[in-house]
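Just so we're on the same page: letters track the sequence lines, and every chain starts at 1.
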Amino acid sequence: MEADVMFQLKNIQKFFPIRTGLFSRVTAHVRAVDKVSLTIRRGETMGLVGESGCGKSTLGRTMLHLLSPTSGESLYKNRDVFSLSTQELRKLRRELQFIFQDPYSSLNPRLNVSEIVGEALSVHGLAHGRERDERVKEILSVCGLAPQHAKRYPHEFSGGQRQRIGIARTLVLNPEFVVADEPIASLDVSIQAQIVNLMEEHKDQFGLTYLFISHDLSMVKYISDHVAVMYLGKIAELSSTAALYKDPQHPYTIALMSAIPSIDVDAQKKRIVLQGDVPSPSHPPSGCYFHPRCPYTMERCRIEEPKLRDIGGGHLAACHLVQQGGGRL
Amino acid sequence: MGVNELLQVTNLSSSFQTEDGLVRAVRDVSFHISHGESLGIVGESGCGKSVTCLSVMRLMEQNGRIEADSMRFEGRDLLSLRERQMQKIRGNEMAMIFQEPMTSFNPVFTIGFQLQEAIRLHQGLNKKAARNASIDMLKQVGIPRPEKINDEYPHALSGGMRQRAMIAMAISCRPKLIFADEPTTALDVTIQAQILELMQKLQQEIHTAVVFISHDLGVIAEMSERVMVMYAGRIVEIAGRRNLFKDPKHPYTIGLIRSKPDMEIESPVLTPIPGTVPNPLHTPPGCPYHPRCEHVMDICRSTLPELISHEQMHQVRCWLYDQQGAVHGS
Amino acid sequence: MRIYILRRLLQVIPTLVGTTFIIFIIINAAPGNPMSTLVDPTISAEAIERRIEQLGLDRPLLERYGVWLRETFQGNLGYSTRYRGRPVTDIIQSRLGPTMLLTFSSIFLSFIIAVPIGVISATRQYSKLDYTVVVGAIAGVSIPVFFLGIVLIWLFALQFGWLPVGGMMRAGARYPSWFAWAFDVLRHLVLPLITLTAAGTARFVRFTRSSMLEVVRQDYIRTARAKGLSERVVIYRHALRNSLLPVVTILGLSLPFLFSGAVITEAVFAWPGMGTLIIEAVTTRDYSLLMGTNLFLAVLVILGNLVADLVYALIDPRIRYD
Amino acid sequence: MKFIKAADAGAPKTEEILSPRTIIWRRFRRNKIAMISLYVITVLILLAVFAPMIAPYERDDINLQYREQPPSAEYLFGTDRNGRDLFTRNLHGGRISLSVGIVASSIQMVIGVVLGSLAGYFGKWVDAVIMRITDMVLSFPFLALAITGAAILGPSIYNTMIIIGLLSWTETCRLVRGQFLSIKQMEYIEATRSLGFNEIRTIWRHMLPNAMAPILISATLIMANAVLIEAALSYLGLGVQPPIPSWGNILEPARSMDVLMRMWWLWLPPGLLIFISVLSINLIGDGLRDALDPRLKN
C-alpha cells in the first residue's frame with residue numbers, strides 16, 4: 001500500500017502576508033491554503049476543484065515548492081520536498097512538472113518551439129545538439145504537432161496548439177508527476193476536449209500521475225480517479241470520483257454541482273443557489289468557513305470547525321451534518 | 001414571419017480592418033427576435049457572436065464596417081438612423097450587459113452616478129428622482145444596502161455585485177431588448193447561478209426580449225428559448241432549444257455537444273472536434289467547417305451551403321441536408 | 001488614504017536629505033575655494049584665511065554638512081561671496097518672482113493648449129490631423145531651447161523690432177502707472193514664455209494623447225456608449241477625466257525638465273531669475289549661492305512631485321480603498 | 001492508441017519563419033517617416049565619421065584674412081570670427097556632439113539596466129534602496145546640477161559625457177524595473193523554475209530579452225536628449241571647450257546680440273543640425289514604439 005503512494009501532503013499551510021499601515025507591518029494573512037492533507041497514489045489522477053481564490057492553484061504550487069510553504073510537509077516518494085537544498089530541488093524538478101493555465105503567457109515569445117521544448121533537456125544534461133532536436137521532434141509529434149513546427153515562434157500558434165507546446169515542454173523531461181493548473185480554462189470548448197484526451201493518452205503512455213486543478217466539475221469528473229473539493233483554503237470533501245458525483249455529502253459540493261448548467265433540457269433540476277459572495281480568505285468566518293452561505297447552518301457550525309472525517313469507504317467530508325456511512329441529519 | 005417582431009436583421013455583414021488585413025467577423029447573418037423572447041447565440045471565440053450584437057447597436061469600433069440589407073427595430077431601420085437618434089435608442093430601448101464586470105464600470109464615478117446618467121438622459125428625471133430610481137434598481141437586482149452601494153465607487157464591489165449593478169443599469173430604462181454578452185463568463189459557478197437566476201426572474205417581471213451570448217452550451221440551454229449557433233462569422237444552425245439540444249443537425253453543433261461532458265448526461269467518452277478554430281483572416285473556402293468535419297464531402301470544400309429550413313423553425317447550413325429534410329451521404 | 005498620504009509625506013524626508021547631501025558633496029568636491037576667485041589685491045592672505053575659518057571651510061565634510069543642514073533648517077543658507085556677504089536666502093528671494101512668473105505661466109499655458117490638442121488628436125487616431133500633431137509634437141521636443149530662443153530674438157526683436165531682446169524691464173525705466181509696468185513686463189515675457197512653452201506643450205500633447213488612446217480602449221467607454229451617451233459626453237466626461245489622472249503625475253515629474261528649460265531660457269533672454277543666478281554662481285564659484293539655488297530647485301521639484309501625488313490620491317477613488 | 005492529428009490542420013500557413021524580430025522590422029519599415037529619419041541620421045553619422053576626409057580645411061585652421069565671411073563657394077558655411085571654416089567645423093562638431101550623445105546614453109543604459117533589473121528581480125530591500133536612490137536623482141534639478149557639475153569637474157568632452165550619463169539613468173532604471181516586475185508575473189518565468197533552471201539563466205535568457213523593447217525605445221529618446229543637453233551646456237560655455245568644436249559651442253558667440261544680428265551663418269546651420277539630428281532620433285524612437293507595441297496593432 002505504502003509503495004504506491006507518490007505524494008503525501010501533511011498539513012500544508014500557505015499564508016500570504018497583508019501589509020498595511022504606515023510602516024507596512026504585517027497585520028493579517030491571506031490563508032490561501034490552510035492545513036491541507038492529501039495522498040496521491042502512483043498512476044492516478046487527483047482532481048482538485050473549487051472556485052477562484054479557494055487556494056487550489058496555491059496548493060499545487062506549494063506542494064512542488066514553487067512557492068515556499070508556511071508550514072507542513074510534502075513527501076514525494078517519502079522525501080520531503082520542502083527540506084531539500086536548492087541543488088537537490090533543481091535536480092528533482094525533472095521528475096515533477098507543471099502545466100500552466102495561460103497558453104499565451106506560459107511560452108517565452110522570443111524563443112522558438114524547439115528552444116522552448118528543448119532548453120530543459122540541455123539544462124538537465126539529458127540531450128544535446130542533434131539528439132536534442134530528435135527528442136524535441138519526437139515529443140512534438142506525440143503532442144499532435146508537426147516536426148516542422150519546431151522552428152516557429154509561439155505567436156504563430158493558436159491557444160490549443162500553444163497548450164500542446166507547453167505540454168511537450170513538460171513531457172520531454174519524462175516526468176513522474178505533473179501538476180496541471182487549469183490547463184483547459186482559457187481554451188475554446190471544442191479544443192478543451194482535445195487537450196484532456198491528449199493528457200489521458202500521455203498518462204497511459206508515460207505512466208504519469210496527475211494533479212488536475214480545475215474549476216470545471218464536469219471535466220474533473222471525466223478525467224479524475226479521485227476528487228478533492230476545496231473551499232477557502234480547506235478541503236471540504238474528498239472521495240473517489242464515482243462516489244463523489246453519485247452521492248456528494250458536503251452542502252458546498254452539492255450546491256456547486258447543482259450550479260452547473262446542463263444541456264439536458266428535460267431534466268427537472270432543483271438548483272441550489274448559494275447566497276452571497278465567497279468570504280475573503282484573509283478574514284474567514286468563524287467555525288465552519290462555509291456556514292454563512294450554507295442552507296443547513298446550525299448553531300454548532302458557527303462555533304466549531306468541522307474535521308475532515310472518513311464517512312466510509314475513503315469518502316471524506318468536513319461537515320457537522322454528515323454522519324458515518326453517509327446521509328444527512 | 002409574424003408582425004410581432006421586435007428586431008429583424010437581414011444579411012448583416014460586419015468587418016474591420018486590421019494591420020494584417022480585413023477581418024470579416026460577421027457574414028450574411030439574418031435573424032429575428034420577438035417581444036419578450038429569449039434568443040441564445042452560441043459559438044467559440046471569434047465566431048462573430050459579440051460583433052453581431054455590437055453591430056446591431058452600432059457600437060463597432062471606428063475601423064469597423066457594417067452592411068446589411070435591413071436591420072429593423074420596431075419598424076425603424078437602424079442602419080439609416082442618424083447617430084443622434086441611435087443614441088436615443090441605446091440604453092433606453094436596447095441595452096447591453098458586458099462580459100467583464102470588473103472593467104465595465106468607470107472607476108472614477110460612483111455606481112449611482114453611472115446608473116443615474118442613463119436614467120436622467122432617457123427619462124428626463126431630476127437629480128433626486130433619478131437617485132431614488134437608481135436605488136430602486138439596485139434593490140431590484142438584489143444588492144444589499146442599495147443606498148450605501150449607490151454612493152460607492154465600483155472598486156468597492158465584488159465581481160458578482162458589479163454584474164448585478166450592470167444588470168440594474170441595463171434594465172433601468174425598461175428596454176425592449178437586452179444584449180447579454182457572456183455576462184457570467186468571468187464569474188464563479190456559484191455566482192453565475194445567482195446571476196442566471198436573477199436574469200430569469202427579471203425577464204419574467206419586465207418582459208424584455210434578451211439576446212444571450214455564451215460559449216457555454218449549458219448556460220444557453222438554460223437561458224434561451226431559441227438558439228442560434230455561429231461558426232466563422234456565419235449562422236450554421238438555428239432551432240428551438242429542445243430541437244437544438246435533442247436533435248442537433250449541423251456536425252459542428254453535434255461536435256460541440258459531444259466535446260463537453262455534462263453533469264446530467266452520462267457519457268464515457270469525450271469526442272473532441274479535431275483541428276482549430278479558423279483564423280478570421282483566412283477562413284477556409286466552401287463550408288468553413290469542412291476541414292474539421294467528419295462528414296466532409298467534395299462539395300463542402302468548394303461551395304458554401306445555404307441556410308435551409310430543415311423543419312419548421314429549424315434551419316441548418318450543411319450539404320448533408322436538403323430542402324426536404326432528407327439526409328445525404330452516410 | 002490617510003495612511004497613503006502620511007507614507008508619502010514620510011518618504012519626502014530621506015529623499016530631501018539624500019538629495020541635499022549628494023549636491024553638497026558634489027559642490028564641495030570642487031578644487032579651489034570661493035576665495036580663489038577673489039582677486040581683490042587689497043585683501044591680505046591672513047584675511048582670506050580668517051574668512052575661510054569663519055565660513056567653516058576647513059572642517060571635515062560630514063561636519064560641514066551637519067552644520068549646513070542645521071543652519072538651513074533655521075532658514076540660513078549662508079552668505080554669498082559674489083554679492084559681498086548678502087544672505088543667500090535674500091538673493092534667491094529676489095530671483096524667485098521672475099522664475100515663478102515664467103515657469104508657472106508656462107505650465108499653465110502648455111496645459112491649456114496641450115490638453116485639447118491631445119484629446120482631439122487621440123479621438124481621430126490615424127487621421128491626417130493626428131499625424132500632423134504627432135510629428136509636430138516630436139518636433140517640439142527636438143528643438144534646442146536656446147536655438148528656438150535665438151531664432152525668436154533674431155526674428156521678433158532684431159528684424160522686426162516688435163519685442164524687447166531680453167531682460168524683464170527696460171533698464172532704468174520709471175513707470176507712470178502700475179498698468180504701464182505690467183504691460184512692459186508682459187512685453188518682455190512674451191518671447192521667453194513662447195520659448196519655454198513650446199517644448200512643454202509638445203510633451204503634454206504626447207502624454208495626453210497616449211493616455212487618451214489608452215483610456216478610449218477601455219471597456220467602460222463602451223459601456224458609456226451603450227448607455228446612449230453622446231460622443232461628446234463619452235469623451236469629455238468619461239474618457240477625459242480618466243486620461244487626465246496620469247497627466248497630473250506627469251506634471252509633477254516634468255518639473256526638473258521644466259526648470260532645466262527655464263535655466264536656458266533665462267540665460268538666453270537675460271531673464272533675472274534663478275537660472276541666470278545659477279550661472280552667475282557657477283562662474284564665480286560662489287559655493288553658498290550655488291548650494292542654495294540647487295537646494296532650492298531640488299526642494300521645489302520634490303514638493304511638486306509630492307503635491308502631484310497627493311492630488312492624484314484625492315482625485316482617483318481607487319486609492320481610497322488601498 | 002489513436003493520436004489526434006488535430007493540430008496539423010491548423011498549422012501556420014506561411015513558409016517563411018516569422019521571428020519576433022522579423023515582424024518588428026517589417027512593421028518599422030512600413031513607417032515612412034521613421035525610415036526617412038533612419039536615412040537622415042545614417043547620413044549624419046557617416047558625415048561625422050568621415051569628417052576628416054570630407055572637410056575642405058583643417059579643423060582649427062585660423063585664417064585672419066577671411067574672418068566673418070558669409071557663405072560662398074569657397075567657404076560653404078562661411079567663416080567665424082577667427083576665420084575658421086564653418087563647414088569644416090560643423091562636420092567635426094557633429095562628430096563630437098553625436099559621440100557625446102552615444103557615449104552618455106550608453107553610460108546611463110548600463111547603470112539603468114543593472115540597477116533596474118536588480119530592483120525588479122530581487123524586490124524587497126534591494127528594490128527599496130534602489131528606488132530611494134532613483135527618487136533622489138530624479139529630484140535633482142537636472143540642468144542646474146549638470147551646470148554645477150560641469151563647473152566643478154571642469155568643462156570638457158569627457159566630463160560632459162559622464163555628467164549627462166550619471167544624471168539621466170533614472171528613467172531607464174524605473175522602466176527596466178517595471179518591465180522586470182511585469183515579466184516576473186508571466187507564467188513562462190514560473191516555468192523556468194518548474195523546469196529547474198537557475199536564476200542567471202532565467203534573467204539572462206528569459207527576462208532581459210523580453211524587457212529589451214521598451215529599453216530600446218527609451219534609449220533612443222535619452223540619446224536625443226543627451227545631444228540636446230550637450231548642446232545646451234556647450235552653448236553656455238560649460239560643455240565642450242573650443243577649439244574643439246561641437247554644434248553647441250559653434251553658436252556660442254551668438255549670445256552676443258551683435259553677432260546674432262550680423263552673422264546668421266554662424267548660428268543657423270549648427271542649430272538646424274542639432275534640430276534635425278535630434279528630430280530624426282526621436283522619430284526613429286517613435287517608429288520603434290509603434291513597431292514594438294502590439295496594442296497599437298488594433
Side-chain angles (χ1 to χ4, degrees), chain A residues 61 64-67 86-87 89-94 96-112 115-116 119-120 123-124 140-146 148-149 151-158 160-161 164 166 169-170 173 179 181 191 194-195 197-198 201 204-205, chain D residues 1-24 26-27 123-125 127-128 131 179 182-213 215-216 292 294 297:
Chain A
R61 285 171 161 80
L64 297 190
H65 207 165
L66 288 170
L67 288 172
T86 319
Q87 282 309 319
L89 192 61
R90 233 171 241 160
K91 257 209 191 121
L92 197 63
R93 293 262 176 247
R94 190 196 62 76
L96 307 175
Q97 281 300 307
F98 202 94
I99 297 174
F100 293 90
Q101 171 179 357
D102 180 5
Y104 290 89
S105 92
S106 63
L107 306 179
N108 186 342
R110 302 249 151 205
L111 301 181
N112 67 29
E115 291 168 319
I116 290 172
E119 188 174 9
V123 169
H124 288 279
L140 285 180
S141 85
V142 168
C143 293
L145 295 157
Q148 65 265 28
H149 289 166
K151 291 285 168 245
R152 302 201 168 261
Y153 290 84
H155 68 92
E156 297 182 71
F157 296 91
S158 68
Q161 290 173 312
R164 289 168 189 270
R169 173 174 62 189
T170 66
L173 289 174
V179 174
D181 182 17
I191 309 297
Q194 292 178 5
I195 298 297
N197 277 359
L198 188 72
E201 280 168 24
D204 302 336
Q205 196 180 354
Chain D
M1 180 164 314
K2 54 169 191 2
F3 279 138
I4 302 163
K5 281 281 164 248
D8 296 44
K13 293 277 184 303
T14 48
E15 286 299 306
E16 184 191 5
I17 291 170
L18 292 171
S19 74
R21 203 173 297 168
T22 330
I23 293 175
I24 291 162
R26 229 178 242 189
R27 250 190 263 156
K124 298 188 181 141
W125 66 267
D127 182 38
M131 282 332 280
Q179 282 291 310
S182 73
I183 292 172
K184 221 163 69 172
Q185 301 298 316
M186 292 293 182
E187 285 183 347
Y188 62 79
I189 296 305
E190 219 187 335
T192 62
R193 270 204 317 142
S194 79
L195 292 168
F197 298 173
N198 62 35
E199 291 187 332
I200 294 168
R201 175 179 284 268
T202 301
I203 295 182
W204 188 249
R205 197 168 150 79
H206 294 268
M207 296 186 81
L208 257 184
N210 282 293
M212 267 338 270
I215 299 174
L216 206 67
L292 290 168
K297 265 177 98 177

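Atom NE2 in D/His206 sits 13.5 Å away from atom CZ in A/Arg110 (nearest 0.5 Å). One finds the CD atom of D/Glu190 at 8.0 Å from the CG atom of A/Asp181 (value rounded to the nearest 0.5 Å). Between A/Phe100 atom CZ and D/Met186 atom CE the span is 13.0 Å, to the nearest 0.5 Å. Put simply, CD on A/Glu156 and OG on D/Ser19 are 9.0 Å apart, with the number rounded to the nearest 0.5 Å. Expressed to the nearest 0.5 Å, how far CZ of D/Arg193 lies from CG of A/Leu89 amounts to 9.0 Å.
Considering all non-hydrogen atoms of both residues, D/Pro20 and A/Pro109 come closest at CG-O, 3.3 Å. The nearest pair of heavy atoms linking A/Arg169 to D/Leu195 is CD-CD1, 3.5 Å.
Contacts of A/Leu96 with chain D are made by backbone atoms alone, with heavy-atom separations under 4.5 Å and no side-chain atom involved. Neither the backbone nor the side chain of D/Ile183 comes within contact range of chain A; no heavy atoms are under 4.5 Å apart. Neither the backbone nor the side chain of A/Leu64 has a heavy atom closer than 4.5 Å to any heavy atom of chain D. Proximity to chain A (any heavy atom under 4.5 Å) is shown, for D/Arg205, by both the backbone and the side chain.
Among D/Ala191, D/Pro209, D/Ser194, the residue with the largest count of heavy-atom pairs under 4.5 Å with chain A is D/Ser194. Put simply, of A/Asn108, A/Val123, A/Asp102, the one with the most heavy-atom pairs under 4.5 Å next to chain D is A/Asn108. Among A/His124, A/Arg61, A/Glu115, the residue with the largest count of heavy-atom pairs under 4.5 Å with chain D is A/Arg61.
Other residues, nucleotides and ligands contribute only 12 or fewer heavy atoms inside 6.0 Å of the NZ atom of A/Lys91.
Within the 4.5 Å cutoff, the side chain of A/Glu119 has no heavy atoms near those of the D/Thr192 side chain.
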